[in-house]
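Labels below follow one simple rule: chain letters A, B, ... track the order of the sequence lines, proteins then strands, and each chain is numbered from 1.
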2 protein chains.
Amino acid sequence: MTRARKHILDILTSSEVPLSAQDIEQRKTIEMNSVTVYRTLHYLEAHEYCDSFPLTCSEHGTERYYSAVHHRTDGTCDHHHWFHCIECHQFIDLGTCRIDELIAGYEKELSVSVVGHSLSLTGVCARCLQTRDHSGNREHQGPPQAEG
Amino acid sequence: MTRARKHILDILTSSEVPLSAQDIEQRKTIEMNSVTVYRTLHYLEAHEYCDSFPLTCSEHGTERYYSAVHHRTDGTCDHHHWFHCIECHQFIDLGTCRIDELIAGYEKELSVSVVGHSLSLTGVCARCLQTRDHSGNREHQGPPQAEG
DNA sequence: CCAGAAAATGCAAGTCATTTGCATTTTCTT
DNA sequence: AAGAAAATGCAAATGACTTGCATTTTCTGG
Ligand SMILES: [Mn+2]
Ligand SMILES: [Mn+2]
Ligand SMILES: [Zn+2]
Ligand SMILES: [Zn+2]
């Protein structure tokens, strides 16, 4: 693990939401070429330190988002899926993957071996829904404030 | 519906697998600029004639794939999800979406409104698994032949 | 600690799916 | 058929991501 790799893994680990290569460039606090960011993300993903999924949204286009992976004591990976709000562009954690059984079913039905999967939801978050109800559609909000 | 739009919708409707913009360019039989292909796909998706999802694979990189949507009598859309073989790069139909309930659960739990979702599986198809077993990894195969 | 090998990084340039601006053509409305 | 609106073609741009290659950092064994 080089300095750059440790640093990016730290950023991913301490983030509560998936980050794009660009998000990481903004958050990094050591000098690093953007090419290195991409290469580092490939490295981290290949070595199961993180996983990723592609997401398209109106504001950011199609980008790949990365999040650190938690290894359980039995060695398996605890990967999460995400909801993305199409109004405020925040991610909401959907928790640990709940489609393992569904996938096992497909494997059996179709005699295939599933190696990876990508699932993401898009829609309107609770906060944006509320804003909609109250005052007729305001503009984008800032990030939600942590509760006092 | 213009000629171009009808034509592309025909291509999508008669295809058994999702197609990328490039796939469509290859299959089209009338003159049409590739920009028009993209614009037409946007149109068709916005009007619910088709839906799409982004997929990354080693051979084709990240591309968006489109498939015609089947409208049920009650007006709802019967959308499918897909498995993509990382060896022969074929799609396999996973049938009608089976995660509606899961999504409804998330909506309730998180008080969000889910507007769209993307799910795709990757792995090795039955045919490629078999090829692996028999002879130690052959190279890519052609498309599967229709059974006799 | 040190030399050499291997791996990682920076920089510049390239790739490639997709988008955009604008002039022209086609389609729609009256 | 005339004018307006929408669709299309062409050329150029965009933007995420990749690649080649020279340089620097890290690793490994002595
Ligand atoms: Mn999952
Ligand atoms: Mn679905
Ligand atoms: Zn929101
Ligand atoms: Zn296969």
Side-chain angles (χ1 to χ4, degrees), chain A residues 1-12 17-67 84 89 91 116 118 120 122, chain B residues 1-12 17-47 49-67 82 84 89 91 116 118 120 122:
Chain A
M1 279 288 242
T2 65
R3 212 162 83 94
R5 289 172 179 175
K6 278 197 201 77
H7 185 59
I8 290 192
L9 183 54
D10 275 349
I11 292 172
L12 289 177
V17 294
L19 302 174
S20 68
Q22 297 181 91
D23 292 335
I24 290 169
E25 281 210 69
Q26 288 173 357
R27 299 183 188 211
K28 75 183 157 57
T29 56
I30 68 178
E31 283 298 308
M32 195 185 320
N33 192 280
S34 59
V35 173
T36 302
V37 172
Y38 283 106
R39 286 198 274 229
T40 298
L41 288 171
H42 289 170
Y43 172 90
L44 293 175
E45 186 157 25
H47 291 72
E48 294 203 308
Y49 290 109
C50 70
D51 57 10
S52 74
F53 61 94
L55 181 82
T56 305
C57 91
S58 58
E59 192 157 306
H60 305 96
T62 301
E63 282 182 308
R64 187 161 286 274
Y65 289 85
Y66 295 83
S67 42
H84 184 77
H89 299 278
F91 281 101
S118 170
S120 57
T122 54
Chain B
M1 280 290 243
T2 65
R3 213 163 81 93
R5 289 171 179 176
K6 276 198 202 77
H7 186 58
I8 289 193
L9 183 54
D10 275 349
I11 292 173
L12 289 177
V17 294
L19 302 174
S20 68
Q22 297 180 94
D23 292 335
I24 290 168
E25 279 210 70
Q26 288 173 357
R27 300 183 187 211
K28 73 183 158 56
T29 56
I30 68 179
E31 282 299 307
M32 194 184 322
N33 191 279
S34 59
V35 173
T36 302
V37 172
Y38 283 105
R39 286 199 274 232
T40 298
L41 288 170
H42 289 170
Y43 172 91
L44 292 175
E45 186 158 25
H47 292 72
Y49 290 109
C50 71
D51 56 11
S52 74
F53 60 94
L55 182 83
T56 305
C57 91
S58 57
E59 191 158 306
H60 304 95
T62 301
E63 282 182 310
R64 187 162 285 274
Y65 290 84
Y66 295 83
S67 43
W82 302 87
H84 184 76
H89 298 278
F91 280 101
S118 170
S120 57
T122 54

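- Residue A/Asn33 places none of its side-chain N or O atoms closer than 4.0 Å to OP1 or OP2 of C/dT9.
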side-chain contact (heavy atoms from CB on, under 4.5 Å) between A/Ile11 and A/Asp23: does it pass, once the steps are laid out? CA-CA 10 Å; A/Ile11 292 172; A/Asp23 292 335; over 6 Å; no
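- Comparing D/dT8, D/dG20, C/dA8 by their nearest atom to the side chain of B/Ala4 picks out D/dT8.
- Comparing D/dC17, D/dT19, C/dA17 by their closest approach to the side chain of B/Tyr38 singles out C/dA17.
- Distance from the side chain of B/Arg64 is smallest to C/dT18 among C/dC11, D/dA16, C/dT18.
- One atom, CE of A/Met1, and another, P of C/dA7, lie 17 Å apart when rounded to the nearest Å.
- Residue A/Thr40 is the one, among B/His60 and A/Thr40, whose nearest nucleotide of DNA chain C lies closer to the 5' end (criterion: closest heavy atom).
- Atom C1' of nucleotide D/dT8 and atom CD of B/Glu25 are separated by 14 Å, given to the nearest angstrom.
- Exactly one residue among B/Pro18, B/Ser20, B/Cys50 makes a side-chain contact (heavy atoms from CB on, under 4.5 Å) with B/Tyr66. That residue is B/Cys50.
- In this structure, A/Glu63 places its CD atom 21 Å from P of C/dC16, rounding to the nearest Å.
- Both A/Val35 and A/Gln22 lie near DNA chain D, and the one whose nearest nucleotide falls closer to the 5' end is A/Gln22.
- Checked by atom type and distance alone, the side chain of A/Glu25 never pairs as donor or acceptor with a backbone atom of A/Val37 at under 3.5 Å.
- Look at CG on B/Asp23: it is 15 Å from C1' on C/dC16, rounded to the nearest Å.
- Out of C/dA8, D/dG9, D/dC17, the shortest distance to the side chain of A/Ala21 is found at D/dC17.
- Nearer to the 5' terminus of DNA chain C, by closest-nucleotide assignment, is the contact made by A/Arg5 (compared with the other of A/Arg5 and B/Thr2).
- Between the C1' atom of D/dA7 and the CG atom of B/Leu41 lies a distance of 15 Å, rounded to the nearest Å.
- Taking atom CD of B/Glu59 as the reference point, atom P of C/dC16 lies 13 Å away to the nearest angstrom.
- Counting non-hydrogen atoms under 4.0 angstrom, A/His42 reaches the backbone sugars and phosphates but no base.
- The separation between A/Lys28 atom NZ and C/dG10 atom C1' is 12 Å, rounded to whole Å.
- The shortest non-hydrogen separation linking A/His7 to A/Lys28 is NE2-CA, 3.4 Å.
- In this structure, A/Tyr43 places its OH atom 18 Å from P of D/dT18, rounding to the nearest Å.
- The side chain of A/Thr36 lies closest to C/dT9, out of C/dA8, D/dT8, C/dT9.
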Please assess A/Met32 against A/Ile8 for the test side-chain contact (heavy atoms from CB on, under 4.5 Å), listing each intermediate value before the final yes or no. CA-CA 10 Å; A/Met32 195 185 320; A/Ile8 290 192; 3.7 Å; yes
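- Base contact: B/Arg39 has a heavy atom under 4.0 Å from a base atom.
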